[in-house]
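Worksheet: the structure to be examined is printed underneath.
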Amino acid sequence: QVQLVESGGGLVQAGGSLRLSCAASGRTFSRYIMGWFRQAPGKEREFVAGIRWSDGRTYYADSVKGRFAISRDKDKNTVSLQMNSLKPEDTAVYYCAARGFPVLAVDTAAYDHWGQGTQVTVSS
């Protein structure tokens, strides 16, 4: 059974940085896409970034390109999201997700497993 556990959220001022981590267990992830999504109050959950476990290829939403960086550590089975130059509009609950097919998808329905989420709040 796949388990995803996020950590690293918190409160930060605009322009600051945070690093989120997702500890993944219960499966070999060699054929997986790992993704980060976020959901702000009153809005739908949206794709933020994704990484193909096998070769580390990365994908980003336009809204975070150049500010966020996703990475994975194969030895520790973790996926991280480094968030720099944070803006108030980045405020949301951030979720780690796993897709058991090695092709990127940005729709939430394409992901099989989800973490519980971690709150990120950016103050102006």
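No hydrogens, no waters, no symmetry mates; every other heavy atom, side chains included, goes into these values.
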For residues Tyr59 and Val106, determine if any side-chain heavy atom of one lies less than 4.5 Å from a side-chain heavy atom of the other.
-> no
With a 4.5 Å heavy-atom cut-off, do Leu18 and Val120 have their side chains touching?
-> yes
Is there a path of hydrophobic side-chain contacts, each under 4.5 Å between heavy atoms of I, L, V, M, F, W or Y residues, that connects Tyr111 with Val64?
-> no
Check Cys22 against Trp36 and note the closest heavy-atom contact, atom names and distance.
-> CB-CZ2, 3.7 Å
Decide yes or no for Tyr60 and Arg67: does some side-chain heavy atom of the first lie under 4.5 Å from some side-chain heavy atom of the second?
-> no
From Lys43 atom NZ to Glu89 atom CD, the distance as rounded to the nearest 0.5 Å = 8.5 Å
Examine Trp53 together with Tyr32 and report whether their ring centres are nearer than 6.0 Å.
-> no
Does any non-hydrogen side-chain atom of Ile70 lie less than 4.5 Å from one of Val79?
-> yes
Ring geometry between Phe47 and Phe37 (parallel below 30°, tilted from 30 to 60°, perpendicular above 60°) = perpendicular
Taking atom OG1 of Thr28 and atom CG of Asn77, what is their separation to the nearest 0.5 Å?
-> 8.0 Å
Side-chain heavy-atom pair Arg19, Leu81 within 4.5 angstrom cut-off | no
Apply side chain to side chain contact (heavy atoms under 4.5 Å, CB included) to the pair Phe29 and Val2, showing each step before the final yes or no.
-> CA-CA 10 Å; Phe29 294 98; Val2 173; 4.1 Å; yes
Taking atom NZ of Lys65 as the centre, report whether more than 12 heavy atoms of other residues, nucleotides or ligands fall under 6.0 Å from it.
-> yes
Kindly give the heavy-atom pair with the smallest separation between Gly56 and Arg72, and that separation in Å.
-> N-NH2, 3.2 Å
Please assess Leu20 against Glu6 for the test side chain to side chain contact (heavy atoms under 4.5 Å, CB included), listing each intermediate value before the final yes or no.
-> CA-CA 7 Å; Leu20 306 182; Glu6 301 99 333; over 6 Å; no
Backbone of Ala109 reached by a side-chain donor or acceptor of Asp107 within 3.5 Å = no
Are side-chain heavy atoms of Val103 and Arg52 found at a separation under 4.5 Å?
-> no
OG1/Thr121 to CD/Gln13 distance, rounded to the nearest 0.5 angstrom?
-> 13.0 Å
For residues Phe68 and Leu86, determine if any side-chain heavy atom of one lies less than 4.5 Å from a side-chain heavy atom of the other.
-> yes
Heavy-atom pair with the smallest gap, counting every atom of Ser17 and Asn84 | OG-OD1, 2.9 Å
Where is the tightest heavy-atom contact between His113 and Leu4, given as atom of each residue plus distance?
-> O-CD1, 3.5 Å
Evaluate side chain to side chain contact (heavy atoms under 4.5 Å, CB included) for Tyr94 paired with Gln119, printing each intermediate quantity in order.
-> CA-CA 6 Å; Tyr94 282 70; Gln119 176 71 46; over 6 Å; no
More than 12 heavy atoms of other residues, nucleotides or ligands under 6.0 Å from NZ of Lys74: is that the case?
-> yes
If two hydrophobic side chains count as joined below 4.5 Å and joins carry through other members, does Ile33 share a cluster with Val48?
-> no
In sequence, state the C-alpha distance, the side-chain angles, and the governing distance for Lys87 and Asp90, and then conclude on salt bridge (charged side-chain N to carboxylate O under 4.0 Å, His left out).
-> CA-CA 5 Å; Lys87 305 175 182 179; Asp90 294 318; over 6 Å; no
State, with a plain yes or no, whether a side-chain heavy atom of Arg45 is found less than 4.5 Å away from one of Arg38.
-> no
Counting N and O atoms only, with roles assigned by atom type, does the side chain of Arg99 sit under 3.5 Å from a partner on the main chain of Ala110, one being a donor and the other an acceptor?
-> yes
Looking only at heavy atoms, the pair that brings Ser123 and Leu11 closest together is CB-CD1, 4.4 Å
Do other residues, nucleotides or ligands put more than 12 heavy atoms under 6.0 Å from the CZ atom of Arg31?
-> no
Residue pair Ser30 / Ser54: nearest heavy atoms and the distance that separates them = O-CB, 3.4 Å
State yes or no: do Tyr95 and Leu104 share one hydrophobic cluster built from I, L, V, M, F, W and Y residues joined by side-chain heavy-atom distances below 4.5 Å, directly or via other members?
-> yes
Measure the CG-OG distance between Asp73 and Ser80 for me, rounded to the nearest 0.5 Å.
-> 7.5 Å
